[in-house]
Protein chains: 2
Amino acid sequence: MTLNYYWTRYRSVLIYGILLAALLLLLKWLEWRFIIVDYAFEMYAGFIAILFTGLGIWLALKLSKPKTATVYIEKEILIKDNGEFVLNELELNRLGLSKRELEVLQLMAQGLSNQEIAGHLFVSLNTIKTHSSKLFEKMDVQRRTQAVDMAKKLSLIP
Amino acid sequence: MTLNYYWTRYRSVLIYGILLAALLLLLKWLEWRFIIVDYAFEMYAGFIAILFTGLGIWLALKLSKPKTATVYIEKEILIKDNGEFVLNELELNRLGLSKRELEVLQLMAQGLSNQEIAGHLFVSLNTIKTHSSKLFEKMDVQRRTQAVDMAKKLSLIP
DNA sequence: TTCAAAATCACCCTAAAGTATGACCGGAAA
DNA sequence: TTTCCGGTCATACTTTAGGGTGATTTTGAA
């Protein structure tokens with residue numbers, strides 16, 4: 001049915017209209033309640049309000065057409081040679097990562113959970129948590145995903 | 001309850017309605033108080049007109065979809081010495097990932113938390129959770145780190 | 001216009017991740 | 001020898017991630 005269609009399409013506008021109508025009715029009720037004689041002004045004010053609200057909406061919709069320009073930010077990070085992976089020992093030393101921490105980082109990058117990493121390295125889950133915490137602190141990140149992302153960019157892992 | 005739901009959805013309309021009611025009541029009060037209507041009606045009407053034009057503009061900007069800021073997707077292209085990133089559309093179609101899901105995946109790979117992704121895409125945290133859940137299901141993985149690892153291998157992300 | 005997929009959001013719950021603190025041990029450096 | 005650090009582990013706690021369900025809205029193609 002067309003009525004239903006237009007309802008779903010312009011629901012917001014219609015709800016706004018209904019709200020306005022309800023408010024005007026409320027005002028009229030207040031008038032009647034307190035016996036205010038000169039109600040002409042309220043009607044006038046309401047009319048002006050509706051009119052200029054519409055004008056404002058029209059103005060906003062007409063004038064604000066900022067065609068969103070897609071911004072491309074090119075950021076050159078590091079050169080990963082077309083050959084094989086070479087560990088960036090400079091960065092590794094700069095960050096001060098230990099052997100074990102690097103192992104944990106590598107397994108993290110393969111998508112393993114802490115529990116699985118613990119299994120691979122034959123240590124407890126708590127140990128992995130300690131390693132990863134120190135790892136994040138040294139790399140100055142908050143999450144394993146950030147650590148992996150940074151490690152790949154710094155060529156700490158393949 | 002669903003009350004909270006409707007509040008977040010129609011907040012703008014409700015706030016506008018409340019403001020409108022408050023303003024009209026204020027005007028009525030001023031009228032009773034100082035009886036300025038008789039002398040400065042034009043000024044009064046002008047005041048209302050300006051006010052509601054502003055409100056109309058505000059309302060339009062609030063209700064119109066934020067299509068202004070949404071398209072910024074391509075971000076941080078890291079260039080390596082040879083060969084740029086080309087999206088593997090075959091794999092993309094095979095997995096059946098939607099546009100939005102791919103966006104979420106890209107932001108995930110940059111180490112963002114779900115909360116941060118929600119902020120970037122101007123949606124709620126729950127939406128990101130839904131997207132990521134479907135994403136993991138389609139990619140047949142359990143964790144975001146696995147998803148990122150696979151996506152890189154399949155060349156779905158740089 | 002109609003319909004299905006995509007997108008959005010909420011709520012509840014569990015699992016995993018991360019933080020903080022303290023402890024123990026063994027080897028290397030001072 | 002003492003000190004320091006890496007590695008190990010625990011306990012307790014907070015935060016984030018993820019699973020499942022259900023709902024409405026937007027959108028694009030038929």
Side-chain angles (χ1 to χ4, degrees), chain A residues 1-15 92 95-105 107-108 111-148, chain B residues 1-11 13 63-67 70-71 73 92-93 95-105 107-108 111-148:
Chain A
M1 198 196 304
T2 58
L3 196 138
N4 192 19
Y5 173 72
Y6 283 107
W7 166 250
T8 56
R9 183 129 304 197
Y10 303 110
R11 184 178 36 75
S12 297
V13 179
L14 290 173
I15 285 177
L92 190 63
L95 294 174
L97 299 188
S98 72
K99 222 180 305 173
R100 209 56 159 164
E101 286 161 355
L102 185 59
E103 283 183 286
V104 171
L105 182 57
L107 294 175
M108 262 183 192
L112 302 193
S113 68
N114 284 339
Q115 188 69 70
E116 290 169 339
I117 295 173
H120 270 255
L121 300 180
F122 303 106
V123 296
S124 83
L125 172 60
N126 285 312
T127 304
I128 302 302
K129 285 189 176 186
T130 305
H131 283 317
S132 55
S133 278
K134 292 192 171 189
L135 188 61
F136 299 153
E137 198 181 345
K138 287 177 180 177
M139 297 182 74
D140 194 27
V141 297
Q142 284 75 46
R143 284 175 289 281
R144 50 176 53 243
T145 46
Q146 283 183 350
V148 169
Chain B
M1 211 60 183
T2 54
L3 195 140
N4 189 19
Y5 170 72
Y6 282 105
W7 167 250
T8 56
R9 181 136 300 200
Y10 303 115
R11 185 158 29 109
V13 177
L63 287 182
S64 66
K65 281 178 291 183
K67 53 191 169 186
T70 39
V71 192
I73 313 160
L92 191 64
N93 290 330
L95 294 173
L97 299 188
S98 72
K99 219 180 307 172
R100 209 54 160 166
E101 286 160 355
L102 185 60
E103 284 182 288
V104 172
L105 182 58
L107 294 175
M108 261 183 194
L112 301 194
S113 69
N114 285 338
Q115 187 68 70
E116 290 169 338
I117 296 173
H120 270 257
L121 299 181
F122 303 105
V123 297
S124 82
L125 172 62
N126 284 314
T127 303
I128 301 302
K129 285 188 175 184
T130 305
H131 283 317
S132 56
S133 278
K134 294 195 169 188
L135 187 61
F136 298 154
E137 198 180 345
K138 287 178 180 177
M139 297 183 76
D140 194 29
V141 296
Q142 284 74 46
R143 285 176 288 281
R144 53 178 47 235
T145 45
Q146 283 182 352
V148 169

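Convention: sequence-line order gives letters A, B, ...; per-chain numbering from 1. These numbers come from the heavy atoms of this one structure, side chains and all, not from hydrogens, waters or symmetry mates.
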- Heavy-atom check, side chain of Leu102(B) versus side chain of Leu92(B), under 4.5 Å: yes
- Please name all residues satisfying side chain to side chain contact (heavy atoms under 4.5 Å, CB included) with Glu103(A), sequence neighbours left out, ordered by chain then number. Arg100(A), Leu121(A)
- Query: Once you round it to whole Å, what is the distance between C1' of dT16(D) and CD of Glu116(B)?
  - Reply: 11 Å
- Query: Counting just side-chain N and O atoms, does Asn114(B) come under 4.0 Å of either OP1 or OP2 of dT16(D)?
  - Reply: no
- Message: Once rounded to the nearest 0.5 Å, what's the spacing between atom CG of Leu135(A) and atom CE of Met108(A)?
- Response: 5.5 Å
- Task: Give, for atom OG1 of Thr145(A) and atom CG of Leu107(B), the distance between the pair rounded to the nearest 0.5 Å.
- Result: 11.0 Å
- Starting from C1' on dT8(D), measure out to CD1 on Ile117(A) and report it in whole angstrom. 16 Å
Using a cutoff of under 3.5 Å, can you pull out all pairs of nitrogen or oxygen atoms linking the protein to nucleotides 25-30 of chain C, with atom names and distances?
none

- Please list all pairs passing the side-chain hydrogen bond (donor to acceptor under 3.5 Å, both in side chains) test where one or both residues lie in residues 120-132 of chain A, with sequence neighbours left out. Ser124(A)-Thr127(A)
- Task: Search all heavy atoms of Val104(A) against all heavy atoms of Ile117(A) and return the closest pair with its distance.
- Result: O-CD1, 4.0 Å
- Task: Could you tell me whether the side chain of Met139(A) reaches within less than 4.5 Å of the side chain of Leu105(A), counting heavy atoms only?
- Result: yes
- Criterion side chain to side chain contact (heavy atoms under 4.5 Å, CB included) on Val148(A) and Val148(B), from CA distance to verdict: CA-CA 10 Å; Val148(A) 169; Val148(B) 169; 5.6 Å; no
- Task: Would you kindly give the CD-to-P distance between Gln146(B) and dA17(D), to the nearest whole Å?
- Result: 16 Å
- Task: Give a yes/no on whether any side-chain N or O of Ser98(B) is located under 4.0 angstrom from OP1 or OP2 of dA7(C).
- Result: yes
- Name all pairs fulfilling the salt bridge (charged side-chain N to carboxylate O under 4.0 Å, His left out) condition that reach into residues 137-148 of chain A, sequence neighbours left out, sorted by first residue then second. Glu101(A)-Lys138(A), Arg143(A)-Glu116(B)
- Message: Among residues 130-145 of chain B, which ones have heavy-atom contacts with DNA chain C below 4.0 Å?
- Response: Thr130(B), His131(B), Arg143(B)
- Task: Nearest whole angstrom, please: distance from the C1' of dT8(C) to the NZ of Lys99(B).
- Result: 15 Å
- Task: For DNA chain D, find the residues of residues 121-129 of chain A with a heavy-atom distance under 4.0 Å and give them by number; none if there aren't any.
- Result: Val123(A), Ser124(A), Asn126(A), Thr127(A)
- Return the value, rounded to whole Å, for the distance between atom CD of Gln115(B) and atom P of dG18(C). 16 Å
